[in-house]
Structure formats: structure tokens, C-alpha cells
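A short write-up of the structure that comes next.
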Amino acid sequence: MKKIRSLCKRRGFVYPSSEIYGGFSSSYDFGPLGVQLKRNIKNHWWEEMVQKNRDVVGLDAAILMNPDVWKASGHLDSGFADELVECKECHQRFKADEVKEECPECGGKLMEAQQFNLMMKTLVGPSEEKADTSYLRPETCQGIFVNFKNVLNSTRKKLPFGIAQIGKSFRNEISPGNYFFRTREFEQMEMQWFCSPKADKTPEEWFDYWKEQRLNWYLDLGIDEDNIRAHEIPEEERAHYAQRQVDLEYKFPFGWGEIEGIHNRGDWDTSTHTEHSEDDLKYYDEERDEKYFPNVIETSVGVERSMLAFLTEAYQEAKGGRADQSNKEEEIVLQLPKKLAPTKVIVLPLVKKEEKLVEKSEKIFQELQEEFHCQYDERGSVGKRYRRADEIGVLYAVTVDFDTLEDNTVTIRWRDNMKQIRVPVDELKQILNSLIEGDIEFEEAGELV
RNA sequence: GCGGGAGUGGCUUAGUGGUAGAGCGCUUCCUUGCCAUGGAAGAGAUCGCGGGUUCAAAUCCCGUCUCCCGCUCCA
């Protein structure tokens with residue numbers, strides 16, 4: 001993890017927040033490559049969940065909501081906001097209503113009860129005195145539940161259907177850490193699947209369906225099946241709203257950690273918001289001519305957590321070089337999947353002293369830039385540039401050499417095996433496109449050099 | 001919040017009382033025809049921050065911040 005952290009800082013994936021002021025606990029900024037990687041993750045999720053599912057629609061709800069939402073959702077009590085007491089002797093903490101005067105562990109004296117609220121309070125309105133307290137949302141899904149009727153009315157959807165959202169959430173974690181695995185500000189990609197408890201396909205079956213879908217998403221993105229598991233959470237450990245909960249966990253260097261939660265929320269949300277709000281979130285089922293609360297299956301990804309998993313999975317290093325074994329330095333290859341790699345192509349003139357090569361390379365770079373995230377590099381030896389590109393996971397290196405000036409062909413080098421093919425410049429864009437989309441095998445895309 | 005460990009140029013780090021050195025990276029130049037070339041020059045660190053002890057502090061002491069590991073807590 002230390003190596004990943006160092007790479008991320010060095011090459012511009014992740015910086016500690018407010019570093020010139022000594023940092024800020026558990027906040028991180030995403031640099032040029034980090035923001036692109038994160039964006040690629042979100043775009044790919046959106047593509048798979050929204051674009052390719054006719055029954056899933058998108059939403060972008062506000063972070064600030066009416067505080068009554070959090071009363072209804074249970075976040076103002078049960079688990080998210082507790083009175084805790086701490087033992088003066090052994091410093092263990094207990095819920096105030098579960099202990100009396102002595103520490104149940106060591107019999108020591110207890111400190112005064114302290115209010116713990118995992119929600120971040122904020123004042124809404126310019127005047128502090130008159131301002132109302134609200135909260136930064138601790139999860140994005142409440143924005144979905146309170147808009148259930150709006151979406152139903154404006155899209156003419158029928159059960160089952162889903163609402164998807166990507167956005168920031170905030171929690172006052174007691175102990176954040178493990179790099180940016182647990183932070184107080186984080187981004188979620190959530191999809192709430194509203195389904196009927198009466199239909200032939202039960203919520204429990206939908207749960208299994210989405211669990212499979214979501215697990216496959218990671219496997220398709222190159223996560224090794226040994227490094228990911230679906231962890232069934234027993235009843236006593238579940239969140240207050242969950243009837244069933246499976247955590248998709250990734251095997252991080254620091255241990256297994258949750259990157260996505262799949263929950264069967266039953267009718268907890270639809271019924272509680274009906275009870276507390278002006279509205280009735282019951283669904284009128286025309287076929288059965290009856291009204292009932294829709295059940296909700298939730299898939300909830302931590303964007304940064306999944307990013308950390310993808311980075312961990314992609315990080316490879318080899319001693320002695322992959323081409324000849326003479327190089328004793330450790331070299332790093334970030335084998336990010338094609339969909340996620342922040343930079344797809346790098347264009348390199350073989351040498352920079354030859355003006356014609358540089359000119360030609362610039363021209364090719366400008367053309368490719370229209371289509372892909374590209375870099376251009378002419379510094380140092382070409383071998384060194386290849387390795388530097390490997391380190392940030394650039395998929396393909398296009399090299400302009402002296403043959404290019406003769407016959408208008410270039411070489412393409414594939415990051416993962418360092419093999420090269422020679423292709424005509426006229427077909428370059430199309431070939432790269434097919435390679436990145438995975439439509440053709442590398443060796444078949446051109447003549448191996 | 002508790003216990004332990006650690007903070008030295010962008011990264012990795014040497015330096016246990018006499019005001020900082022290296023490797024990589026970066027800038028400029030020469031060299032370089034395909035996998036981290038070789039060479040020359042240069043920029044960049046008041047040693048996390050604040051205070052104390054001392055003639056003198058990166059080094060000792062106190063405080064503080066941040067990070068790491070383990071508790072605790074947690075979706």
C-alpha cells in the first residue's frame with residue numbers, strides 16, 4: 001500500500017488534501033490522472049447500469065435536504081447518532097443506554113456521556129442565529145426515495161424499475177484511514193431497484209440477480225476472482241434498514257474491505273417516508289388492483305474504494321526488466337483495464353533530434369487526441385518513455401520512426417506484453433479504437449515487428 | 001479517543017548536539033535508431049509546526065498537527 005501511495009503521489013493520481021497547510025485528516029485530492037481514472041469508473045458504471053438497462057433511470061439529487069428526511073430515515077437516532085460513554089480505565093466505549101455506572105469490561109469509572117453523530121451538521125442560511133441546522137447527506141439513496149413518486153410520474157415506469165445516482169456523501173467517521181479507503185467525504189454510485197413483493201419474481205430473487213450483476217462488473221474489469229468475495233452479513237451486524245446484506249469485498253493489502261454493499265431494504269424506506277411525510281409512497285398495481293409499498297434492492301458502490309481496488313489489482317512490479325533480464329531496477333506496470341486506463345495512447349518520436357519525426361509525431365498526436373486521452377513525449381530515450389508510460393497504465397504507445405517517413409506506417413506497442421505491430425498511419429485511429437474496445441486481438445491488428 | 005511507530009527536497013531515504021548528503025525524478029546542453037543510454041551543468045530542504053534546554057538542535061525535552069499499525073467505533 002505504501003508503494004501505491006507513493007506512485008499515486010509521484011505521478012499525479014492522488015495528493016493529500018491541503019498539503020501545504022500540513023494536510024487535513026483523511027481528505028484526499030485527485031490529481032490529473034486520478035480524476036480521469038475516477039471519471040472512467042463512474043462513466044463505465046453509468047453506462048452499464050443506466051444506459052444499458054432500459055428500466056433504470058438516472059437522478060442527481062441535492063446534497064442538502066430537509067432535515068426531516070434524516071429523522072424519517074433513522075439516521076438521527078439508531079446507530080448513526082448515539083450517546084456513548086468511555087471508560088476512564090480501559091478507554092473502551094459503550095452505548096450510554098446499555099451500561100450503568102461501571103465499565104462492563106474492567107469495572108472502571110465511566111466518563112460523562114458524549115453525543116456521537118456520524119452526520120455532518122451544517123448551517124443553512126446566511127445568518128447563524130436564524131439558520132436552520134441541516135446535514136450533509138450521509139448516503140445518496142434518500143434523494144432517490146424522496147423522488148420515487150416524481151420519477152414514477154414523469155417517466156411512466158412500472159415496477160420493477162431502478163433509479164441510479166452518483167454523488168458525494170459525508171460521514172463523521174470515528175476512525176477513518178487506510179489511505180483513502182475510509183474518508184469522511186466520499187462518492188457513491190447507487191442504484192435503488194424498486195420491485196413488487198407480490199410479483200412472481202420476488203425481491204429476494206432480484207437481490208440475487210443484482211448481486212450477480214455487480215460481482216460480474218468487477219470480474220469483467222479484471223479483478224481476479226480470488227481477490228473479491230461476496231460476504232453475507234449476519235442479522236446482528238446488518239444496518240438498521242437491511243433485511244439481507246451482502247458486502248462485495250476486495251482483498252486489499254490491509255485485509256478484506258467492503259467496496260460495495262448489496263441490500264434488501266424491504267419496504268423500510270417507502271413505508272417510513274409515507275409515515276413521516278405528506279406523501280404516500282404506496283404503489284398502485286393495476287393488474288392486481290391493489291396498493292402496496294414497493295420493496296427496494298440497493299446496490300451501493302464506494303467510488304474511491306473501488307478505485308483503490310482497481311489500482312491495487314493493476315499494480316504490478318517486476319525485477320530485472322521484462323524484456324531482457326539485465327535491468328535490476330524495479331519496474332512498475334499499472335495494468336488497468338482498457339475501459340479504466342486514464343491515458344489510452346502515448347505518441348513518441350523515436351528520437352527528438354530529427355525534426356521531421358517530431359513534426360510527424362505532433363501531427364499524429366493531434367489527430368488521435370480528437371478520439372482518445374493521449375499524451376505526447378519526446379524526452380529521453382524511447383525505452384525510458386515506454387517504461388514511464390507503463391507506470392501510469394498507458395495502453396498503447398505509438399512510435400514514429402524513420403520508416404514512418406518512408407512508408408507512412410508506425411508501430412504500436414502493447415503495454416502488457418511489450419510486443420509491437422506495424423500499421424499504416426491512415427488506419428491508426430480505427431485500429432486503436434478496435435483494440436481499446438477489445439474487438440480485435442493485438443497480434444491480429446497488424447504485422448508483428 | 002487509547003497504545004505503539006514515524007514525519008529530512010517531487011519520490012525513496014542517510015545523518016543521535018557543531019546550522020544538511022545521496023539515489024531516482026525535474027530543468028538546460030551534448031550523446032542516444034526500440035524497452036529505465038552515458039556525460040556536463042543547474043534548480044529544489046530554514047529537516048511537519050510551535051515552544052523550551054544549550055554557546056550551538058534535524059538530533060535532547062514539552063506541546064501540537066499529520067500519517068502508519070493495533071484497539072475502539074462504524075454502512
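Letters A, B, ... are given to chains in the order of the sequence lines, protein chains preceding strands, and every chain is numbered from 1. All values below were derived from every heavy atom in this structure, side-chain atoms included, with hydrogens, water molecules and symmetry-related copies excluded.
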Report task. Not counting sequence neighbours, which residues clear side-chain hydrogen bond (donor to acceptor under 3.5 Å, both in side chains) with A/Asp208? List them please. Result -> A/Arg244
**Report entry** Donor-acceptor pair (no angle test) under 3.5 Å: A/Asp401 side chain, B/rC34 base
**Finding:** yes
Query raised in the report: Under a 4.0 Å N-O cut-off, is there an ion pair linking A/Arg265 with A/Glu139?
Result: yes
Query raised in the report: A/Ile4 has an atom CD1; how far is it from atom C1' of B/rC67, in whole Å?
Result: 17 Å
Query raised in the report: How would you label the contact of A/Arg379 with the nucleic acid (heavy atoms, under 4.0 Å): base, sugar-phosphate, or nothing?
Result: sugar-phosphate
Report task. Name the closest nucleotide to the A/Ser381 side chain, picking from B/rU32, B/rC68, B/rC35. Result -> B/rU32
**Report entry** Rounded distance in Å between the P positions of B/rG10 and B/rC30
**Finding:** 29 Å
Query raised in the report: Is A/Tyr386 stacked on the base of B/rA36 when the test is centres under 5.5 angstrom and planes under 30 degrees?
Result: no
Query raised in the report: So which nucleotide does B/rC26 pair with, by the Watson-Crick or G-U wobble rule with both distances under 3.5 Å?
Result: B/rG42
Query raised in the report: Touch check for A/Arg182, heavy atoms < 4.0 angstrom, all strands: base, sugar-phosphate only, or nothing?
Result: base
Report summary line: Atom CZ of A/Arg385 and atom C1' of B/rG25 are separated, to the nearest Å, by 17 Å
Requested in this report: Report the distance from atom CD1 of A/Ile421 to atom C1' of B/rC34, rounded to the nearest whole Å.
Outcome: 15 Å
**Report entry** Touch class at under 4.0 angstrom, heavy-atom based, for A/Arg5 against every strand present
**Finding:** sugar-phosphate
Query - Counterpart residues, side chain to side chain contact (heavy atoms under 4.5 Å, CB included), relative to A/Val449 (two or more places apart) - result: A/Thr411, A/Gln420, A/Arg422
Report summary line: Residues passing the ring-ring contact (aromatic ring centres under 6.0 Å, His included) test with A/Trp46, sequence neighbours excluded, are none
Query raised in the report: Which residues satisfy the ring-ring contact (aromatic ring centres under 6.0 Å, His included) test with A/Phe293, sequence neighbours excluded?
Result: none
Query raised in the report: Expressed in whole Å, how much space separates the C1' atoms belonging to B/rG48 and B/rC65?
Result: 7 Å
Query raised in the report: Starting at CZ of A/Arg422 and ending at P of B/rC34, how long is that distance when rounded to a whole Å?
Result: 13 Å
Report task. Determine the Euclidean distance between corresponding P atoms of B/rC49 and B/rU54; express it in Å to zero decimal places. Result -> 23 Å
Query raised in the report: Contact class for A/Tyr15 (heavy atom, under 4.0 Å): base, sugar-phosphate, or nothing?
Result: nothing
Requested in this report: Give A/Asn178 one of three labels, base, sugar-phosphate or nothing, depending on what nucleic acid heavy atoms sit under 4.0 Å from its own.
Outcome: sugar-phosphate
Requested in this report: Sequence neighbours left out, what passes side chain to side chain contact (heavy atoms under 4.5 Å, CB included) with A/Glu443? Give chain and number order.
Outcome: A/Asn417, A/Lys419, A/Leu448
Query - RNA chain B: 5'-proximal contact among A/Arg238 and A/Glu391 (nearest heavy atom) - result: A/Glu391
Report task. Could you tell me the separation between the CG atom of A/Leu350 and the P atom of B/rG33, rounded to a whole number of Å? Result -> 8 Å
Query raised in the report: Is A/Lys338 salt-bridged to A/Asp416, going by a charged N under 4.0 Å from an acidic O?
Result: no
Query raised in the report: Is it the case that A/Thr399 and A/Asp401 place a side-chain donor and acceptor less than 3.5 Å from each other?
Result: no
Requested in this report: Sugar-phosphate means primed atoms, P, OP1 and OP2; the rest is base. With that split, encode nucleotides 8-13 of chain B 5' to 3' as B, S or - using protein heavy atoms under 4.0 Å.
Outcome: --SSSS
Sequence neighbours left out, cut at 3.5 Å: what donor-acceptor pairs do the side chains of residues 426-434 of chain A make with other protein atoms?
unit_1   : atom_1 : unit_2   : atom_2 : d
A/Asn433 : ND2    : A/Glu371 : OE2    : 2.6
A/Ser434 : OG     : A/Gln430 : O      : 3.0

Report summary line: To the nearest angstrom, the CZ-P distance between A/Phe181 and B/rC67 comes to 17 Å
Using nucleotides 40-42 of chain B, report all nitrogen or oxygen pairs with the protein that are shorter than 3.5 Å.
none

Requested in this report: Determine the Euclidean distance between corresponding P atoms of B/rC29 and B/rG70; express it in Å to zero decimal places.
Outcome: 49 Å
**Report entry** d(CZ, A/Arg388; C1', B/rC35) in whole Å
**Finding:** 14 Å
Query raised in the report: How far, in whole Å, is B/rU66 from B/rA22 if one measures between their C1' atoms?
Result: 26 Å
Query raised in the report: With distance as the sole criterion, do the side chain of A/Arg413 and the base of B/rC34 form a donor-acceptor contact below 3.5 Å?
Result: no
Query raised in the report: Hey, which of these two, A/Gln188 or A/Lys384, hits RNA chain B nearer its 5' end, going by closest nucleotide?
Result: A/Lys384
Requested in this report: Determine the interatomic distance between C1' on B/rA6 and the same-named atom on B/rA58; round to the nearest Å.
Outcome: 14 Å
**Report entry** Neighbours of RNA chain B within residues 293-304 of chain A, by heavy-atom distance under 4.0 Å
**Finding:** none
Query raised in the report: Looking just at side-chain N and O atoms, do A/Glu304 and A/Tyr28 make a donor-acceptor pair shorter than 3.5 Å?
Result: no
Report task. Indicate whether any N or O donor in one side chain lies under 3.5 Å from an N or O acceptor in the other, for A/His231 and A/Glu258. Result -> no
Query - Sugar-phosphate only, base, or nothing, as touched by A/Gln245 at under 4.0 Å among non-hydrogen atoms - result: sugar-phosphate
Query - Those residues that, when tested against A/Phe252, pass ring-ring contact (aromatic ring centres under 6.0 Å, His included) (two or more places apart) - result: A/Phe181, A/Tyr250, A/Phe254
Requested in this report: Using side chain to side chain contact (heavy atoms under 4.5 Å, CB included) as the criterion, list what pairs up with A/His276, not counting sequence neighbours.
Outcome: A/Ala72, A/Thr272
Query - Inter-nucleotide C1' distance (B/rG9, B/rA14), Å rounded - result: 14 Å
Query raised in the report: Across all strands, who's sitting opposite B/rU66 as a Watson-Crick or G-U wobble pair, both distances under 3.5 Å?
Result: B/rA6
Query raised in the report: Within this structure, what is the CZ-to-P distance between A/Phe402 and B/rU32, rounded to whole angstrom?
Result: 11 Å
Query - Interatomic distance at P, B/rC47 relative to B/rU8, whole Å - result: 12 Å
Report summary line: Contacts satisfying salt bridge (Lys or Arg N to Asp or Glu O under 4.0 Å) that involve residues 354-369 of chain A (not counting sequence neighbours) are none
